[in-house]
Amino acid sequence: MEQGLLRAEQPVAALLDVTGIRASATALRDAFAAVTAAPVLHAFAVKAAPLVPVLALLRDEDIGAEVASPGELALARAAGLRPDRTVLDSPAKTPAELREALELGIAVNADNPQELARIDALIGASPTRSPLGLRVNPQVGGGAIEALSTATATSKFGVALRDEGARDWVVRAYLDRPWLTRLHTHSGSQGMPPALMTRAVGAVYELAEEINAAAGRQQIDTVDIGGGLPVNFASDEQTPTFAAYARLLKEQVPGLLDGRYGLVTEFGRSLLAKHGTILARVEYTKTAGGRPIAVTHAGVQVATRTVYDPASWPLRIAAYDSKGRPKSGAAVVQDVAGPACFAGDLLAEARPLPLLEPGDVIAVLDTGAYYFSNHYGYNSLPRPGIYGFTTGPEGDSATRFATVRAAQSLAEIVAESGGGQPDALLTR
């Protein structure tokens with residue numbers, strides 16, 4: 001507030017805690033270093049926060065990138081991620097995407113038999129140094145959020161391992177292709193318990209052992225276990241932890257961590273969620289049906305999942321006064337609404353908070369992943385400015401801000417909405 005990052009003319013701002021992100025990266029590295037001596041590539045799921053400065057920060061913490069589109073690969077390259085620290089996953093890779101990845105030496109996990117046939121043709125024409133693998137779906141079941149569950153019987157991802165004939169096909173595919181050296185699964189997601197994630201990893205480990213036995217050698221040398229460790233959105237506590245998940249893997253799938261297999265992880269939300277906050281000014285307050293409503297400038301454009309599926313994606317909200325100080329007063333049940341023109345644009349419904357007033361500020365907590373970095377352009381609402389912050393060393397209480405992404409201007413909204421060709425549809 002004092003530095004003007006949040007003001008009447010810029011009523012939404014997003015913050016990233018740089019120190020917190022670094023601490024999460026350290027916790028992840030340490031967790032797996034404690035359970036295996038084999039090499040581990042931790043590849044951040046770029047979709048969780050597609051921001052070049054964030055990817056560069058994680059690169060500085062020895063975290064690579066997992067990309068799922070040409071755009072995400074471009075961001076990773078702009079952040080300085082090396083090809084050997086990058087993994088390409090997607091259920092719809094084009095020939096051009098595959099060709100680029102193979103030319104650069106980026107690791108590729110094929111999603112299905114048709115994609116594998118494309119890779120056959122590409123490497124037949126031009127050999128590659130890319131590590132290559134196949135994604136399988138162990139079909140262990142879904143979590144609490146159906147739309148995010150990737151290991152169900154009918155998931156669109158990977159080869160469905162329990163379908164008739166599928167396992168035998170996978171084994172034969174590896175025996176026919178000595179250059180297939182990786183096996184991939186991604187069964188985690190918000191709402192997926194770590195025990196079920198571990199079960200899925202165990203199923204893929206057993207498949208790797210079966211393939212290696214059939215090959216008479218260790219053809220598969222690396223298992224990509226994906227990411228998807230859930231996040232606690234109910235309190236400040238960071239649980240489950242990377243360390244707890246790694247210990248569970250060591251307990252339940254010890255052969256995977258005995259040093260014979262390299263690992264790849266693809267965590268996203270669990271690295272960043274707790275280290276981001278959305279701030280928004282309260283513009284108006286009113287009462288409807290006896291319930292107070294605070295109309296703010298943060299809604300569906302930054303918290304899309306929460307607005308459309310509040311039961312699955314509840315968020316904590318903290319209240320501050322117009323100077324940015326914690327707001328006091330008795331808790332009053334009230335709605336916290338966003339600016340978009342539909343009734344469901346609510347960040348919180350019937351939430352007990354100190355009674356909000358015009359000019360106050362709300363803080364939407366735990367929003368560092370999949371929220372303000374993945375903008376939804378409803379009502380042509382602008383993307384907010386994003387600022388990373390650090391505090392000084394001991395004895396220095398100053399907070400320093402760095403612009404990660406500038407707030408979107410109205411001119412930029414017009415330009416990306418066809419403003420440069422207003423007469424395009426007028427020709428006869």
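As a basis for the values below, the full set of heavy atoms in this structure was taken, side chains included, without hydrogen atoms, waters or symmetry mates. The residues of the chain are indexed from 1 along the displayed sequence.
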Tyr261 and Tyr205 aromatic ring geometry - parallel, tilted or perpendicular at 30°/60° bounds:
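Geometry flag for Tyr261 against Tyr205: perpendicular rings.
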
Residue pair Asp309 / Thr306, side-chain donor-acceptor N/O under 3.5 Å
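There is no such pair (donor and acceptor under 3.5 Å, judged by atom type) between the side chains of Asp309 and Thr306.
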
Will you find, in the side chains of Glu283 and His297, an N or O donor that is under 3.5 Å from an N or O acceptor?
yes

Under 6.0 Å from the CZ atom of Arg405, do we count more than 12 heavy atoms belonging to anything else shown?
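Counting neighbours around CZ of Arg405, more than 12 heavy atoms of other residues, nucleotides or ligands fall under 6.0 Å, so yes.
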
Take atom CZ in Phe342; do more than 12 heavy atoms of anything else shown fall under 6.0 Å from it?
yes

4.5 Å side-chain heavy-atom contact, [X] and [Y]:
X: Val67; Y: Val87; result: no
X: Leu229; Y: Phe242; result: yes
X: Glu100; Y: Leu73; result: yes
X: Phe157; Y: His186; result: no
X: Ser24; Y: Glu61; result: no
X: Thr150; Y: Ser189; result: no
X: Glu266; Y: Asn109; result: yes
X: Pro358; Y: Tyr284; result: no

Provide the closest heavy-atom pair for [X] versus [Y] in the form atom of the first, atom of the second, distance.
X: Ala79; Y: Leu55; result: CB-CB, 3.5 Å
X: Ile386; Y: Ser373; result: CD1-CA, 4.5 Å
X: Lys286; Y: Val295; result: CE-CG2, 4.3 Å

Short N-O contact, [X] and [Y], less than 4.0 angstrom:
X: Arg85; Y: Asp62; answer: yes
X: Glu97; Y: Arg118; answer: no
X: Asp224; Y: Arg135; answer: no
X: Asp366; Y: Lys274; answer: yes
X: Asp111; Y: Lys93; answer: no
X: Lys323; Y: Asp321; answer: no

Could you tell me whether the side chain of [X] and the main chain of [Y] form a donor-acceptor pair under 3.5 Å?
X: Ser130; Y: Ile106; answer: yes
X: Asp360; Y: Glu357; answer: yes
X: Asn137; Y: Val159; answer: no
X: Gln334; Y: Leu353; answer: yes
X: Arg129; Y: Leu104; answer: yes

Using distance only, find each side-chain donor-acceptor pair of residues 411-418 under 3.5 Å and give its atom names and separation, not counting sequence neighbours.
from: Glu412; atom 1: OE1; to: Ser409; atom 2: N; distance (Å): 2.8
from: Glu412; atom 1: OE1; to: Ser409; atom 2: OG; distance (Å): 3.4
from: Glu416; atom 1: OE2; to: Gln408; atom 2: NE2; distance (Å): 3.3
from: Ser417; atom 1: OG; to: Ile413; atom 2: O; distance (Å): 2.8

Which residues share a ring pair (Phe, Tyr, Trp, His ring centres under 6.0 Å) with [X], sequence neighbours left out:
X: Phe389; answer: none
X: Phe233; answer: none
X: His42; answer: Phe32

Check against salt bridge (charged side-chain N to carboxylate O under 4.0 Å, His left out), Arg22 and Asp60
CA-CA 9 Å; Arg22 288 190 183 276; Asp60 193 56; 3.1 Å; yes

Taking only residues at least two apart or on different chains, which pairs with a member in residues 237-250 satisfy side chain to side chain donor-acceptor pair (under 3.5 Å)?
none

List in chain and number order the residues that pass salt bridge (Lys or Arg N to Asp or Glu O under 4.0 Å) with Glu146, two or more places apart in sequence or in another chain; answer none if no residue qualifies.
none

Given Tyr371 and Tyr376, is the ring-ring contact (aromatic ring centres under 6.0 Å, His included) satisfied, shown in steps?
CA-CA 9 Å; Tyr371 280 89; Tyr376 177 43; over 10 Å; no

